[in-house]
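Take a look at the structure set out below.
Convention: sequence-line order gives letters A, B, ...; per-chain numbering from 1.
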Amino acid sequence: MTVRTRFAPSPTGFLHIGGARTALFSWAYARKYGGSFILRIEDTDVARSTPEAVQAILDGMNWLGLNWDEGPFYQMQRMERYKEVIQKLLDEGKAYYCYCSKEELDAMREQQMTQGIKPRYDGRWRPEPVKVLTAKPEGIPPVVRFKNPQSGAVAWDDLVKGHISISNEELDDLIIARADGTPTYNFCVVVDDWDMGITQVIRGDDHVNNTPRQINMLNALGANVPQYAHLSMILGDDGQKLSKRHGAVSVMQYDDDGYLPEAVLNYLARLGWSHGDDEIFSMEQFCQWFDLDHITSSAAQFNTDKLNWLNAHYIKQADNAYLLKNVSQRLAAQGIENLTEPALTGVVELYRERANTLNELASGVMYFYRKPAVDALAVEKHITSEILPVIKALAGQLAEIEWTTEAIHAAIEHAVTSNGLKFPKVAMPLRVMITGGTHSPSIDAVMALLGRDETLSRIKAYIQ
RNA sequence: GUCCCCAUCGUCUAGAGGCCUAGGACACCUCCCUUUCACGGAGGCGACCGGGGUUCGAAUCCCCGUGGGGACGCCA
């Protein structure tokens with residue numbers, strides 16, 4: 001059977017890291033088997049769904065390059081179909097109307113909780129052969145409930161977690177249509193997975209408890225039951241659950257923060273999945289290697305340090321044109337726009353090996369285009385009255401020489417040896433004068449790129 | 001409370017009964033490289049939650065604890 005997987009987010013917020021990993025795994029599974037990856041927007045919660053959130057999810061998917069083969073399908077556009085299936089279940093006696101009020105249900109739940117049992121609908125409106133139902137109350141629009149089997153167990157072999165079995169006695173007759181007639185989540189999922197011919201449902205393990213209900217409905221409809229793979233959740237850097245209040249951010253935030261999609265993808269792939277000792281791999285390799293057998297069933301904690309390491313790797317690998325475009329955009333956002341002098345390409349080349357993120361790269365490079373902020377402590381420590389005459393003499397030389405890294409290096413070297421000093425004794429004050437701080441690539445290379453005029457101008461600011 | 005799931009270095013993980021004196025990666029520490037900081041290179045520190053079984057042999061299988069997480073909506 002051709003593999004058909006899907007990603008089915010509800011558009012109530014951005015695409016976060018957990019959703020992105022679910023999408024990635026579903027996508028990779030379809031790619032590996034030459035199947036189809038379907039995007040479905042579960043927007044039946046009209047109150048919380050927004051078009052902005054739909055767009056945010058699409059943006060996130062696109063940024064990561066998780067392309068879908070079909071969709072996006074919107075559940076709100078499939079209402080007729082859901083209603084048709086609900087009617088079918090009603091007609092076949094597999095679903096029924098329930099006239100309980102919310103207050104009645106709340107009371108039921110509360111009472112069961114105090115009794116220490118699992119809160120369940122007690123089936124008071126469920127028709128049975130010899131049962132006599134109370135009279136329908138006037139003016140209360142009913143909900144529709146699915147007639148869940150009352151005995152036996154639902155079991156499936158979860159592709160991640162193994163065999164799972166849940167007794168039907170744990171389940172109750174869930175509502176499949178609200179009083180206003182709109183279908184509910186669990187029901188829409190069932191109809192969609194059925195209609196769309198989904199073969200593997202790969203989703204977060206917060207859905208494990210929905211699975212037996214969905215299987216029961218699928219069976220009642222005579223539909224094929226797909227295989228299920230429930231992924232464990234991703235915890236924050238601090239080991240805490242990610243939530244809108246705590247730590248959950250949009251994948252697009254990683255873009256803002258200067259991460260490459262390749263790095264995020266590679267990181268996410270390794271979070272909960274492994275292929276021996278492999279740490280760094282392309283999406284092509286991932287799609288070949290990916291399988292559901294090597295997914296961990298326990299929750300994984302996010303680790304920014306490791307993401308940074310991967311990101312640094314991909315920055316080193318990135319082609320120059322890409323970095324240039326990206327870094328100049330980031331600099332432009334800081335108001336630094338005319339990047340002709342010195343050429344950004346050389347500057348980026350000098351810095352790409354030292355940055356964990358594109359933002360670090362952009363900010364590291366900034367002093368080439370703008371007078372640097374000066375670290376007063378560094379000035380005090382390195383620009384001493386003994387060294388100033390040496391620097392002054394050196395500056396005179398620098399005005400004369402050919403402006404290359406080698407020649408500049410030779411000039412500094414000369415200043416060092418002729419004064420009986422160590423190299424850093426001269427290099428450090430130069431670094432502070434030119435870059436404003438004590439950390440930079442080789443100062444001769446920096447000077448060569450910065451240009452003679454600007455270099456001398458920055459030095460002269462200290463030797464008046 | 002009830003049900004379900006999970007449990008190897010600080011973190012991500014390898015591990016399908018003997019290959020495990022438990023491997024790799026990030027982080028951390030040391031050293032090397034060096035013009036500072038990075039990069040890079042070489043080392044180091046560091047884990048099978050506890051208790052019972054099963055077995056000649058268990059990180060791996062079973063049971064019981066313990067700890068963590070999830071689910072119990074006319075949300076998805």
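Side-chain to base pairing of D277(A) with G23(B): one donor and one acceptor N or O lie within less than 3.5 Å of each other. Scanning atom types as modelled, one donor and one acceptor separated by under 3.5 angstrom connect the side chain of H409(A) and the base of U35(B).
The pairing partner recorded for C49(B) is G65(B), the criterion being a Watson-Crick or G-U wobble arrangement whose two distances lie under 3.5 angstrom. Taking a pair to require two hydrogen-bonding distances under 3.5 Å in either a Watson-Crick or a G-U wobble arrangement, G18(B) pairs with C56(B). A71(B): Watson-Crick or G-U partner is U2(B), with both key distances under 3.5 Å. The base-pairing partner of C26(B), taking Watson-Crick or G-U wobble contacts with both distances under 3.5 Å, is G10(B).
At the heavy-atom level, L271(A) lies under 4.0 Å from the strands shown only through sugar-phosphate atoms. Residue D237(A) is classed as having no contact, given no heavy-atom separation below 4.0 Å to the nucleic acid. Within the nucleic acid shown, V208(A) comes within 4.0 Å of sugar-phosphate atoms alone, with no base atom in reach, counting heavy atoms only. C98(A) comes within 4.0 angstrom of nothing in the nucleic acid, heavy atoms only. Within the 4.0 angstrom heavy-atom criterion, base atoms lie near H207(A). No contact: R120(A) has no heavy atom under 4.0 Å from any strand.
T211(A) pairs by the side-chain contact (heavy atoms from CB on, under 4.5 Å) definition with W156(A), R203(A), I215(A), Y228(A), H230(A), not counting sequence neighbours. For P141(A), the side-chain contact (heavy atoms from CB on, under 4.5 Å) partners are A179(A), not counting sequence neighbours. With sequence neighbours left out, L242(A) forms a side-chain contact (heavy atoms from CB on, under 4.5 Å) with I17(A), I234(A), A248(A). For F25(A), the ring pair (Phe, Tyr, Trp, His ring centres under 6.0 Å) test picks out F290(A), with sequence neighbours left out.
A side-chain donor-acceptor contact under 3.5 Å links E104(A) to the backbone of S101(A). Without hydrogens or angle criteria, K147(A) side chain to A95(A) main chain gives no donor-acceptor distance under 3.5 Å. A distance-only check finds no donor-acceptor pair linking the side chain of Y82(A) to the backbone of D192(A) [under 3.5 Å]. In this structure, the side chain of W403(A) engages the main chain of M447(A) through a donor-acceptor pair within 3.5 Å. At least one donor-acceptor pair closer than 3.5 Å links the side chain of S282(A) to the backbone N or O of Q285(A).
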Problem set entry | Derivation of the side-chain contact (heavy atoms from CB on, under 4.5 Å) call for V446(A) and T455(A) | CA-CA 9 Å; V446(A) 169; T455(A) 299; over 6 Å; no
For this session: Run the numbers on N359(A) and T357(A) for side-chain hydrogen bond (donor to acceptor under 3.5 Å, both in side chains), then give the verdict.
Result: CA-CA 5 Å; N359(A) 285 355; T357(A) 67; 5.3 Å; no
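Comparing the C1' positions of A16(B) and A59(B) gives an interatomic distance of 12 Å, to the nearest angstrom. C28(B) and C72(B): their P atoms are spaced 41 Å apart (whole Å). Here, G44(B) and C26(B) have their C1' atoms 16 Å apart, quoted to the whole Å. A47(B) and G69(B) are spaced 25 Å apart, taking the P atom of each and rounding to whole Å. For the C1' atom pair drawn from C48(B) and G41(B), the interatomic distance equals 31 Å after rounding to whole Å. C64(B) and C20(B) are spaced 27 Å apart, taking the C1' atom of each and rounding to whole Å. Taking the C1' atoms as reference points, G46(B) lies 12 Å from A22(B), given to the whole Å.
One can place CZ of F73(A) at 20 Å from P of A76(B), the figure rounded to the nearest angstrom. Between the CE atom of M113(A) and the P atom of U2(B) there is a distance of 11 Å, rounded to whole Å.
For residues 264-275 of chain A, every residue pair satisfying the salt bridge (charged side-chain N to carboxylate O under 4.0 Å, His left out) rule, not counting sequence neighbours, is listed here: R270(A)-E279(A). Screening residues 158-194 of chain A for ring-ring contact (aromatic ring centres under 6.0 Å, His included), with sequence neighbours left out, gives Y185(A)-H207(A).
Ion pair K88(A)/E84(A) not flagged as a salt bridge, since none of the NZ, NE, NH1 or NH2 atoms sits closer than 4.0 Å to an Asp/Glu carboxylate oxygen.
Contact check, H275(A) against A14(B): no side-chain N or O comes under 4.0 Å of OP1 or OP2. Contact annotation: T44(A) side-chain N/O to A76(B) OP1/OP2 distance is under 4.0 Å. A close approach under 4.0 Å does not occur between any side-chain nitrogen or oxygen of K102(A) and OP1 or OP2 of G73(B). For the OP1/OP2 pair of G73(B) and a distance below 4.0 Å, the side-chain nitrogens and oxygens of R109(A) include at least one atom meeting the criterion. Applying the 4.0 Å criterion to OP1 and OP2 of A14(B), one finds that S274(A) has a side-chain N or O inside that range.
Relative orientation of the W289(A) and H275(A) rings is parallel, given thresholds of 30° and 60° on the angle between their planes.
Comparing Q240(A) and I166(A) along RNA chain B, the residue whose closest nucleotide (by nearest heavy atom) sits nearer the 5' end is I166(A).
Expressed to the nearest 0.5 Å, how far NZ of K381(A) lies from OG1 of T438(A) amounts to 8.0 Å.
For RNA chain B, the neighbouring residues in residues 435-450 of chain A, judged by any heavy atom under 4.0 Å, are T438(A), H439(A), S440(A), P441(A), S442(A), I443(A), D444(A). For the segment residues 420-431 of chain A, the set of residues with a heavy atom within less than 4.0 Å of an atom of RNA chain B comprises F423(A), P424(A), A427(A), M428(A), R431(A), in numerical order. Remark: nothing in residues 187-195 of chain A comes within less than 4.0 Å of RNA chain B through any heavy atom.
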Exercise. How does each nucleotide of nucleotides 6-11 of chain B score, in 5' to 3' order, for protein heavy atoms under 4.0 Å: base (B), sugar-phosphate only (S), or none (-)?
Worked result: SS---S
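P149(A) pairs in a side chain to side chain contact (heavy atoms under 4.5 Å, CB included) with only one of the listed residues (L171(A), N216(A), V154(A)), which is N216(A).
Side-chain N/O atoms of D173(A) and Y96(A) include a donor and acceptor closer than 3.5 Å.
For N209(A), the side-chain atoms get nearest to G70(B) when compared with the rest of G24(B), G70(B), A76(B). The side chain of E42(A) approaches A76(B) more closely than any other nucleotide in the set A76(B), C74(B), G1(B). Side chain of E279(A), nearest nucleotide from A76(B), C4(B), A25(B): A25(B).
Both the sub-6.0 Å distance and the 45° axial angle are not jointly satisfied by R40(A) relative to the ring of F7(A).
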Collect all protein-nucleotide pairs involving nucleotides 39-46 of chain B in which both atoms are nitrogen or oxygen and the distance is under 3.5 Å.
from, atom 1, to, atom 2, distance (Å)
C39(B), O3', K316(A), NZ, 3.0
C39(B), O2', E353(A), OE1, 3.1
G40(B), OP1, K316(A), NZ, 3.2

Between the protein and nucleotides 61-66 of chain B, list every N/O to N/O distance that falls short of 3.5 Å.
none

